[in-house]
Participant: 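Structure in structure tokens, see below.
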Amino acid sequence: MESRYDPEKVEARARAFWERERCFEVKEDPDREKFYCLTMFPYPSGQLHMGHVRVFTISDVIARYQRMQGKHVLQPMGWDAFGMPAENAAIQRGIPPAKWTYKNIDYMRGQLKRLGYGYDWSREVTTCRPEYYRWEQWLFTRLFKKGMVYRKNSIVNWDPVDQTVLANEQVIDGRGWRSDALVERREIPQWFMKITAYAEELLNNLDRLDGWPEPVKTMQRNWIGRSEGIELEFAVENEDVPLSVFTTRPDTLMGVTYMAVAAEHPLAVKAAAKNPKIAALIEECKKTQAAEAALETMEKKGMPLGISAIHPISGDAVPLWVANFVLMGYGTGALMAVPGHDHRDWEFATKYGLPITQVVEPLDGSTIDVQIAPFIEYGRVVNSGDMDGMTYAEAFDWIAGKFEADGRGQRRINYRLRDWGVSRQRYWGAPIPIIYCDVCGAVPVPDDQLPVVLPEDVEFTGVGSPLKQMPEFYQATCPECGKAAKRETDTFDTFVESSWYFARYACPDNHAAMLDKRESYWMPVNQYTGGIEHAILHLLYARFFQKLLRDEGLSAADEPFTNLLTQGMVLKDGAKMSKNKGNTVDPQLLIDRYGADTVRLFMMFAAPPELALEWSDEGVQGAFRFLKRFWTAVQGQMANPLGEKVDPALLDGPQKDLRRKTHQTIAKVSDDIGRRYTFNTAIAAVMELLNAVNRFDDPSPAGRSVVAEALDAIVLLLSPIVPHIAHELWESLGHRTPLVYERWPLADKAAMAEDVLEIVVQVNGKLRGRVLVAADADREAIEQLALADENVRRFVADNTIRKVIVLPARRLVNIVV
RNA sequence: GCCGGGAUGGCGGAACUGGUAGACGCGCCGGACUCAAAAUCCGGUUUUGGCAACAAAGUGGGAGUUCGAUUCUCCCUCCCGGCACCA
């Protein structure tokens with residue numbers, strides 16, 4: 001062992017050992033308790049960034065800790081390899097997306113190995129490989145036959161200059177990022193998966209996901225957005241077909257003063273034919289982006305259509321408007337507006353001078369004026385004839401009963417969740433396995449013709465998908481009638497690949513089936529770790545896919561991820577690090593300079609996992625310095641002959657103190673890593689212990705024995721975080737068993753016990769003194785000692801003591817005067 | 001706009017169940033070692049007053065509950081993430 005800490009050499013030796021021993025390659029072992037530790041696989045963007053290092057280190061720490069708990073740990077790694085950046089690189093540098101992607105994967109795999117993560121590389125999965133995506137194509141064709149997928153028109157961002165569909169990210173201030181042209185909404189046919197069929201289960205199961213963070217579950221609940229309401233029909237003047245609307249507030253039905261329909265609604269289109277002004281507004285509505293955030297923040301605009309609906313109870317004429325915030329894709333594409341009791345309706349009514357009436361009053365009897373602000377809460381119905389005096393629930397039932405009786409409406413459960421559009425008009429993705437035949441329509445590609453392989457050797461220009469220019473790709477024969485037919489050139493949303501990769505890690509080498517019985521050994525994932533930015537989309541799609549796999553008989557698990565840890569973003573200059581923003585920090589420079597352990601240590605020390613971490617280069621040095629001190633401390637111990645085994649009966653005061661600190665630290669770090677996932681406080685506790693060891697100067701055999709025990713503990717406790725240096729130092733401390741096969745240390749309760757406690761004394765909640773008491777002192781004795789403290793007496797003075805709160809467990813006394 | 005989260009010394013953060021605010025680290029200041037520098041080691045470091053003991057103030061802003069609030073409740077400000085085609 002070198003006298004100087006040389007991370008380059010230390011880390012190379014540890015890596016060589018793990019590789020030689022194949023420490024992290026695991027096979028199914030029914031006799032052992034499995035622990036599937038997974039982190040969201042990366043997009044191979046070129047090089048690792050700090051966000052990757054953070055999340056992978058968190059996961060590796062948990063995996064190594066669980067391994068030391070005796071679990072049979074699987075930690076795989078792979079590549080979410082389809083996506084837009086590869087196309088962008090192709091446009092900018094003329095490299096085919098496949099070539100660029102594979103090159104990136106090779107480089108990043110090297111970086112991951114250099115960081116010492118304990119992955120089972122034999123299970124590596126790459127989603128752009130046909131042997132991977134063929135199984136999602138296969139599943140898609142099965143779902144097609146089941147009716148779980150369907151095709152319908154939906155809206156995309158259309159760049160009229162580049163003649164291409166843009167991602168929301170590629171639309172900047174309403175314009176195409178390359179052409180600068182105003183983006184338009186365009187309707188095109190696309191494939192959808194029926195996630196709404198599972199809305200109820202996706203919602204209800206959240207209650208059983210005890211290992212998930214509450215905020216993530218809340219976000220998913222709100223996203224699914226279950227609401228109970230009534231679908232009502234309003235007759236329209238001179239129209240045969242009534243206008244159907246969904247409302248969750250039937251109690252406000254008598255407060256409807258206008259109705260609004262989407263620009264694409266048939267009634268609006270009809271009115272536009274006669275009125276050029278309406279036609280112009282509808283045209284304008286199309287010149288907006290598809291993103292919801294853009295729709296919600298844009299100025300609310302509308303125009304009367306010149307026709308009226310008939311109020312189903314009063315029979316009054318209700319004017320019909322077209323409005324840009326009503327979307328054809330949501331519900332019925334029409335809504336009843338109650339400006340007195342809805343925020344958006346109120347703003348629209350105020351802007352256009354539409355009447356606002358009050359039909360609900362507060363339950364507490366207070367007066368409100370709906371002309372000044374809408375009253376949105378539930379209350380008591382007023383100004384509504386037969387419904388007057390009813391509560392929300394009573395009015396709901398009354399309306400539902402009335403309308404169901406005469407067939408003009410019914411109770412309905414509505415979801416905000418929409419079906420998942422999986423079609424992308426892009427090249428670099430998995431081909432959607434469908435063939436269009438003029439006679440037979442859309443036909444799924446038969447099993448024996450799968451996979452539909454994406455040609456990798458293409459020229460990519462950025463104008464449309466190259467697949468559309470490749471007859472050798474799109475020319476096909478209809479599997480049903482054998483006539484010439486055309487293959488689908490759209491590819492899957494990349495969220496499809498990331499919705500089932502976790503199951504495929506169990507059996508990545510199976511070329512005959514999507515999943516096999518090994519899946520049932522490893523799934524579900526015990527611990528899933530990833531960025532909070534995936535709280536909704538990826539995690540909801542993955543949960544949905546798990547249910548599809550289950551219902552196909554491919555898996556027994558209802559939910560894919562038992563425990564979830566969402567790590568905060570690594571920010572630079574206050575924003576998410578991303579290639580687009582050009583604010584990435586390359587971890588490679590730090591690894592080259594300080595080694596992987598320093599980078600891992602710093603990342604875990606800088607902040608708790610759930611918080612956003614603002615990157616700063618300072619502090620990495622401190623982590624390096626600590627490891628050097630750690631190295632030197634173990635060396636100092638080796639300069640002494642190994643101490644004898646600790647005999648607790650023979651220890652003096654300071655020796656007992658150090659030993660107590662050792663065991664308190666073991667207890668704290670076990671809790672911090674095993675339960676709280678606060679690696680930063682675990683590291684701080686170990687730093688304190690090392691500081692205590694370095695201050696401790698006692699060359700006696702007993703003294704050396706407690707130091708040896710402390711150093712053993714430090715090496716074991718830090719080993720999940722800094723595995724390379726720990727591997728080497730463990731050997732240096734004279735242990736024959738390599739550290740990777742060691743168990744996690746146990747805290748000795750007896751060694752942790754204290755015989756004297758320091759009690760804090762407050763007067764009126766302010767700290768005024770501290771007293772030392774025996775650990776077994778009773779409340780009376782503690783109170784007397786507290787009252788006797790000089791500074792405490794000064795503050796109590798002549799005042800009458802009204803109350804004394806004695807909390808021995810909290811080590812606190814509060815005297816109230 | 002809607003949903004979720006965050007704000008504590010010069011900086012990253014700690015305080016886990018309502019009970020000592022600032023652990024640990026960075027930075028900075030002083031000292032040791034050195035011809036000198038780097039590295040390393042020792043000491044100090046919330047602000048204000050004080051030689052000190054100690055006192056006062058202090059956890060984004062405002063109110064409230066409590067013997068006691070960084071922690072709970074209400075209102076507000078700013079920042080971050082998501083909003084269905086970034087992954």
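Per chain, numbering begins at 1; letters A, B, ... match sequence-line order.
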Participant: Just call it for A/S423: base, sugar-phosphate, or nothing, with non-hydrogen atoms closer than 4.0 Å on any strand.
Facilitator: base
Participant: Closest approach to the side chain of A/D80, judged atom by atom: which nucleotide of B/C86, B/C67, B/A87 is it?
Facilitator: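 The answer is B/A87.
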Participant: Does the side chain of A/N680 pick up a donor-acceptor pair with the side chain of A/T678 at under 3.5 Å?
Facilitator: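 Absent: no donor and acceptor within the cut-off.
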Participant: Tell me which residues in residues 342-351 of chain A lie within less than 4.0 Å of RNA chain B, going by non-hydrogen atoms.
Facilitator: none
Participant: More than 12 heavy atoms of other residues, nucleotides or ligands under 6.0 Å from NZ of A/K301: is that the case?
Facilitator: no
Participant: Would you mind building the protein contact string for nucleotides 23-28 of chain B? One character per nucleotide, 5' to 3', B for base within reach (heavy atoms under 4.0 Å), S for sugar-phosphate only, - for untouched.
Facilitator: BBSSS-
Participant: Using the side-chain heavy atoms of A/N222, tell me which of these nucleotides is nearest: B/C85, B/G4, B/C16.
Facilitator: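 The listed nucleotide nearest to A/N222's side chain is B/G4.
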Participant: Determine the contact category for A/L417: base if any of its heavy atoms lies under 4.0 Å from a base atom, sugar-phosphate if only primed atoms, P, OP1 or OP2 are that close, otherwise nothing.
Facilitator: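 Answer is base: heavy atoms of A/L417 come under 4.0 Å of a base.
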Participant: Below the 4.0 Å mark, does B/U40 have OP1 or OP2 next to a side-chain nitrogen or oxygen of A/K628?
Facilitator: yes
Participant: With syn defined as a glycosidic angle within 90° of 0 and anti as everything else, classify B/G9.
Facilitator: syn
Participant: Mapping A/R676 and A/A291 to their closest nucleotides on RNA chain B, which lands nearer the 5' end?
Facilitator: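 The residue closer to the strand's 5' end, by nearest nucleotide, is A/R676.
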Participant: Would you say that A/F460 contacts A/W428 through its side chain, given a criterion of any heavy-atom pair below 4.5 Å between the two side chains?
Facilitator: no
Participant: Checking A/F795 now: which residues fulfil ring pair (Phe, Tyr, Trp, His ring centres under 6.0 Å) with it, not counting sequence neighbours?
Facilitator: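 In terms of ring pair (Phe, Tyr, Trp, His ring centres under 6.0 Å), with neighbours along the sequence ignored, A/F795 is linked to no residue.
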Participant: Can you tell me how far C1' of B/A39 sits from OH of A/Y5, to the nearest Å?
Facilitator: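 Between C1' of B/A39 and OH of A/Y5: 16 Å.
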Participant: From CZ of A/R418 over to C1' of B/C83, roughly how many Å is that when rounded to an integer?
Facilitator: 9 Å
Participant: State which of B/G13, B/C67, B/C86 makes the closest approach to the side chain of A/L611.
Facilitator: B/G13
Participant: May I ask you to say what A/T297 touches in the nucleic acid, namely base, sugar-phosphate or nothing, with a heavy-atom cut-off under 4.0 Å?
Facilitator: base
Participant: Rounded to whole Å, please give me the gap between NE2 in A/H49 and P in B/C86.
Facilitator: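 So the NE2-P distance, A/H49 to B/C86, works out to 16 Å.
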Participant: Can you sort out the partners of A/R660 under side-chain contact (heavy atoms from CB on, under 4.5 Å), two or more places apart, ordered by chain and number?
Facilitator: A/D657, A/Q664, A/E754
Participant: Mind checking A/V156 for me? I need base, sugar-phosphate or nothing, with any heavy atom below 4.0 Å counting as a touch.
Facilitator: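 Here A/V156 touches the bases of the nucleic acid.
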Participant: For A/I532 and B/G4, what is the distance between atoms CD1 and C1' respectively, to the nearest whole Å?
Facilitator: 7 Å
Participant: Could you tell me the separation between the CZ atom of A/F626 and the P atom of B/U40, rounded to a whole number of Å?
Facilitator: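 Result: 14 Å.
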Participant: Who are the salt bridge (Lys or Arg N to Asp or Glu O under 4.0 Å) partners of A/R676, not counting sequence neighbours?
Facilitator: A/D672
Participant: Any side-chain heavy atom of A/V620 sitting closer than 4.5 Å to one from A/Y594?
Facilitator: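 Yes. Closest side-chain heavy atoms under 4.5 Å.
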Participant: Grab the stems for RNA chain B, please: at least three consecutive Watson-Crick or wobble pairs, both distances below 3.5 Å, written as range with range.
Facilitator: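 Stems found: B:1-7 with B:77-83, B:10-12 with B:24-26, B:27-32 with B:40-45, B:46-49 with B:54-57, B:60-64 with B:72-76.
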Participant: Can you confirm whether A/D597 sits close enough to A/L627 that some side-chain heavy atom of one is under 4.5 Å from a side-chain heavy atom of the other?
Facilitator: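 They are in side-chain contact.
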Participant: What is the nucleic acid contact for A/P608, judged by heavy atoms within less than 4.0 Å: base, sugar-phosphate only, or nothing?
Facilitator: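 Sugar-phosphate only.
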Participant: Over all strands shown, is A/W420 touching base, sugar-phosphate only, or nothing at heavy-atom distances under 4.0 angstrom?
Facilitator: nothing
Participant: Give one of base, sugar-phosphate or nothing for A/H538, where a contact means two heavy atoms less than 4.0 Å apart.
Facilitator: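 Result for A/H538 = nothing.
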Participant: Keeping to residues at least two apart or across chains, list the salt bridge (charged side-chain N to carboxylate O under 4.0 Å, His left out) pairs with something in residues 416-430 of chain A.
Facilitator: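 As it turns out, the salt bridge (charged side-chain N to carboxylate O under 4.0 Å, His left out) pairs with a partner in residues 416-430 of chain A, which skip direct neighbours, are A/E292-A/R416, A/R424-A/D493.
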Participant: Regarding A/S179 and A/D159, is there a side-chain donor-to-acceptor distance under 3.5 Å anywhere?
Facilitator: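 Per modelled atom types, A/S179 and A/D159 side chains form a pair under 3.5 Å.
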Participant: Using every non-hydrogen atom in the two residues, find where A/R54 and A/A607 come nearest and quote the distance to one decimal.
Facilitator: NH2-CB, 4.0 Å
Participant: Looking for any heavy atom pair under 4.0 Å, which part of the strands does A/F602 touch: base, sugar-phosphate only, or nothing?
Facilitator: nothing
Participant: So what does A/A293 touch, heavy atoms closer than 4.0 Å: a base, only the sugar-phosphate, or nothing?
Facilitator: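 Base contact.
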Participant: Measure the distance from CZ on A/F679 to C1' on B/G13 and round it to the nearest whole Å.
Facilitator: 16 Å
Participant: Quick one: which protein N/O atoms are closer than 3.5 Å to N/O atoms of nucleotides 53-57 of chain B? Pair and distance per line, please.
Facilitator:
from: B/C54; atom 1: O3'; to: A/R794; atom 2: NH2; distance (Å): 3.4
from: B/A55; atom 1: OP1; to: A/R768; atom 2: NH1; distance (Å): 3.4
from: B/A55; atom 1: OP1; to: A/N791; atom 2: ND2; distance (Å): 3.1
from: B/A56; atom 1: OP1; to: A/R768; atom 2: NH2; distance (Å): 3.3
from: B/A56; atom 1: OP2; to: A/R768; atom 2: NH1; distance (Å): 3.0
from: B/A57; atom 1: OP2; to: A/K766; atom 2: NZ; distance (Å): 2.9

Participant: Considering residues at least two apart in sequence or located in another chain, which fulfil the ring pair (Phe, Tyr, Trp, His ring centres under 6.0 Å) criterion with A/F41?
Facilitator: A/Y501
Participant: Ignoring hydrogens and angles, are the base of B/C16 and the side chain of A/R675 linked by a donor-acceptor pair under 3.5 Å?
Facilitator: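 Yes.
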Participant: Has the side chain of A/Q190 got a donor or acceptor atom sitting under 3.5 Å from an opposite partner on the base of B/C85?
Facilitator: yes
Participant: Expected output is a numbered-order residue list: members of residues 806-817 of chain A with a heavy atom under 4.0 Å from any atom of RNA chain B. What is it?
Facilitator: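 Output list: A/L807, A/R810, A/L812, A/N814, A/V816.
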Participant: Name the orientation class of the two ring planes belonging to A/F626 and A/F630 (parallel below 30°, tilted from 30 to 60°, perpendicular beyond 60°).
Facilitator: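 Aromatic pair A/F626/A/F630 classed parallel.
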Participant: Quantified in whole Å, what is the C1' atom distance between nucleotide B/U17 and nucleotide B/C26?
Facilitator: 32 Å
Participant: Can A/E488 and A/W191 be counted as having a side-chain donor-acceptor contact under 3.5 angstrom?
Facilitator: yes
Participant: Between atom CD1 in A/I224 and atom C1' in B/C3, what is the gap in whole Å?
Facilitator: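 Roughly 13 Å, once rounded to whole Å.
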Participant: I'd like to check A/L166 versus A/Q425 (side-chain heavy atoms, cut-off strictly below 4.5 Å). Are they in contact?
Facilitator: no
Participant: Which residues pass the side-chain contact (heavy atoms from CB on, under 4.5 Å) test with A/A606, not counting sequence neighbours?
Facilitator: A/F602, A/L613
Participant: Quick one: label A/V171 by what it contacts on the DNA or RNA (base, sugar-phosphate, nothing), any heavy atom closer than 4.0 Å.
Facilitator: nothing
Participant: Would you say A/R424 reaches B/C85's phosphate, i.e. side-chain N/O to OP1/OP2 under 4.0 Å?
Facilitator: yes
Participant: Could you point out which residue of A/Y43, A/F492, A/Y427, A/Y133 forms a ring pair (Phe, Tyr, Trp, His ring centres under 6.0 Å) with A/F82?
Facilitator: A/Y133
Participant: Just call it for A/K668: base, sugar-phosphate, or nothing, with non-hydrogen atoms closer than 4.0 Å on any strand.
Facilitator: base
Participant: Base of B/C83, side chain of A/E296 - is there a donor-acceptor contact under 3.5 Å?
Facilitator: no
Participant: Run the ring pair (Phe, Tyr, Trp, His ring centres under 6.0 Å) test against A/Y132 and tell me which residues pass, sequence neighbours left out.
Facilitator: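 Applying ring pair (Phe, Tyr, Trp, His ring centres under 6.0 Å) to A/Y132 gives A/W500.
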Participant: Hey, can you tell me if A/W420 and A/Y541 have their rings parallel, tilted or perpendicular (30° and 60° cut-offs)?
Facilitator: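 Taking A/Y541 first and then A/W420, their aromatic rings lie parallel (interplane angle under 30°).
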Participant: Taking the nucleotide of RNA chain B with the closest heavy atom to each, which residue, A/I805 or A/L613, is nearer the 5' end?
Facilitator: A/L613
Participant: Hey, does A/Q170 reach any base, or is it just sugar-phosphate, or nothing, if we go heavy atoms under 4.0 Å?
Facilitator: nothing
Participant: How long is the line joining CD of A/E87 and P of B/C85, in whole Å?
Facilitator: 15 Å
